[in-house]
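Numbered from 1 within each chain, the chains take letters A, B, ... in sequence-line order.
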There are 2 protein chains.
Amino acid sequence: MADTDQLSAVFSALADPTRRAILLALAEHDATVTELTAPLSISMPAVSRHLKVLERAALISRTRSGKWRGSRLQAAPLRDAADWIDRYRRFWDSSLTRLAPVQAAERATDRIPDNREL
Amino acid sequence: MADTDQLSAVFSALADPTRRAILLALAEHDATVTELTAPLSISMPAVSRHLKVLERAALISRTRSGKWRGSRLQAAPLRDAADWIDRYRRFWDSSLTRLAPVQAAERATDRIPDNREL
DNA sequence: CCTTCATTTAACCAACGTGTTAAATGAAAT
DNA sequence: ATTTCATTTAACACGTTGGTTAAATGAAGG
């Protein structure tokens, strides 16, 4: 990560398939580390550290109740990530058919040194 | 990354603020490495490598035209990322008011060993 | 040709990420 | 008190990342 900014932390957390699997599991229901580890073919310490990453990204919260530590999905940062990505929606969605030619034209003439058809 | 799966590559690419800045610039118009480097206070080789990361994630395509190599935004992978995140939308958006209590109830009773109010 | 300009590759470095196993912690149960 | 169980921390290995500067590449232009 190297960065501490929120969005970077979130995207970085999402960049790992194991962590995405964990979030998916937590979308079903809160779970303990042991429960999360079961289907994951990695050691419990490894899962524990994935959870720490998710927690730093504020994607989960953790509760303690005696022996057990529960993890709960916190989706707010996902909203931020979705919002960021949404700024690019015009580049792929329905309007693509309508907008694409315009964009192509812009791209062909704009900013490219001497219009060398990049 | 360590992983080669597409979604991981995309999220990993997005996890760096410099690369997000590059994508934002490319949302305006295609650009050369030099143009992209100008506002970025890092060296051109560094930018060149960021571009390679974005290219591996299929977030940009590159064209060559004589001396210049242009970069163009390719938003399709962003759609995939958005789609992935969207599965969690119910956890944060409007229905949150309506759904949250249900979820809370589910969470309190579900899967947690012996209902220890995690 | 020889130079210039845009970009990439190479070599290096410090920091980080992800996994492991073994030890430590801390609450529960006997 | 001692043991047991869930989890975390420590110590280690190893590959990756992101930055640097210096050299290589490759097309354009004199």
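- With rounding to whole Å, A:Trp68 atom CH2 is found 11 Å from D:dT4 atom C1'.
- Distance, B:Phe11 CZ to C:dG17 P: 18 Å, rounded to whole Å.
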Restricting both atoms to N or O, compile the protein contacts to nucleotides 12-15 of chain C shorter than 3.5 Å, with distance only.
none

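- A sub-4.0 Å separation between OP1 or OP2 of D:dT9 and a side-chain N or O of A:Lys52 is present.
- Atoms CD1 and CZ, from A:Ile60 and A:Arg72 in turn, are 11.5 Å apart once rounded to the nearest 0.5 Å.
- In this structure, B:Arg19 atom CZ and D:dT17 atom P are separated by 8 Å, rounded to whole Å.
- Whole-Å rounding puts the A:Lys67 NZ to D:dA6 P distance at 6 Å.
- Non-hydrogen atoms lying under 4.0 Å from DNA chain C are contributed by A:Ile42, A:Ser43, A:Pro45, A:Ala46, all within residues 41-48 of chain A.
- The CZ atom of B:Arg62 sits 15 Å away from the P atom of C:dA6 (whole-angstrom rounding).
- Sorted by first and then second residue, the side chain to side chain donor-acceptor pair (under 3.5 Å) pairs involving residues 77-86 of chain A (not counting sequence neighbours) are A:Asp86-A:Arg89.
- B:Asp16 has its CG atom 6 Å from the P atom of D:dG19, to the nearest Å.
- Distance check: B:Glu35 CD to B:Glu28 CD gives 12.5 Å after rounding to the nearest 0.5 Å.
- Take B:Ser43 and apply the side chain to side chain donor-acceptor pair (under 3.5 Å) test, not counting sequence neighbours, and it matches no residue.
- In this structure, B:Ser48 has no side-chain contact (heavy atoms from CB on, under 4.5 Å) partners at least two apart in sequence or on a different chain.
- Going from atom CG of A:Leu51 over to atom P of C:dG17 covers 16 Å, rounded to whole Å.
- One interatomic measurement links the two molecules: CZ of B:Arg64 to P of D:dA28, which rounds to 13 Å at whole-angstrom precision.
- Across all their heavy atoms, B:Tyr88 and A:Ala27 have their closest contact at CE2-CB, 3.8 Å.
- Note that CG of B:Leu73 and CH2 of A:Trp92 are 10.0 Å apart. Values are rounded to the nearest 0.5 Å.
- When all heavy atoms of B:Ser71 and B:Leu26 are compared, the closest pair comes out as O-CD2, 3.4 Å.
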Pairs of donor and acceptor atoms involving the side chains of residues 17-25 of chain A, under 3.5 Å and at least two apart or interchain, shall be tabulated with distances.
unit_1	atom_1	unit_2	atom_2	d
A:Thr18	OG1	A:Asp16	OD1	3.4
A:Arg19	NE	A:Ala13	O	2.8
A:Arg19	NH1	A:His50	ND1	3.1
A:Arg19	NH2	A:Ser12	O	3.2
A:Arg20	NH1	A:Leu14	O	2.8
A:Arg20	NH1	B:Ser8	OG	3.1
A:Arg20	NH2	B:Asp5	OD2	3.0
A:Arg20	NH2	B:Ser8	OG	3.2

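- The side chain of B:His50 contributes no N or O atom lying less than 4.0 Å from OP1 or OP2 of D:dT17.
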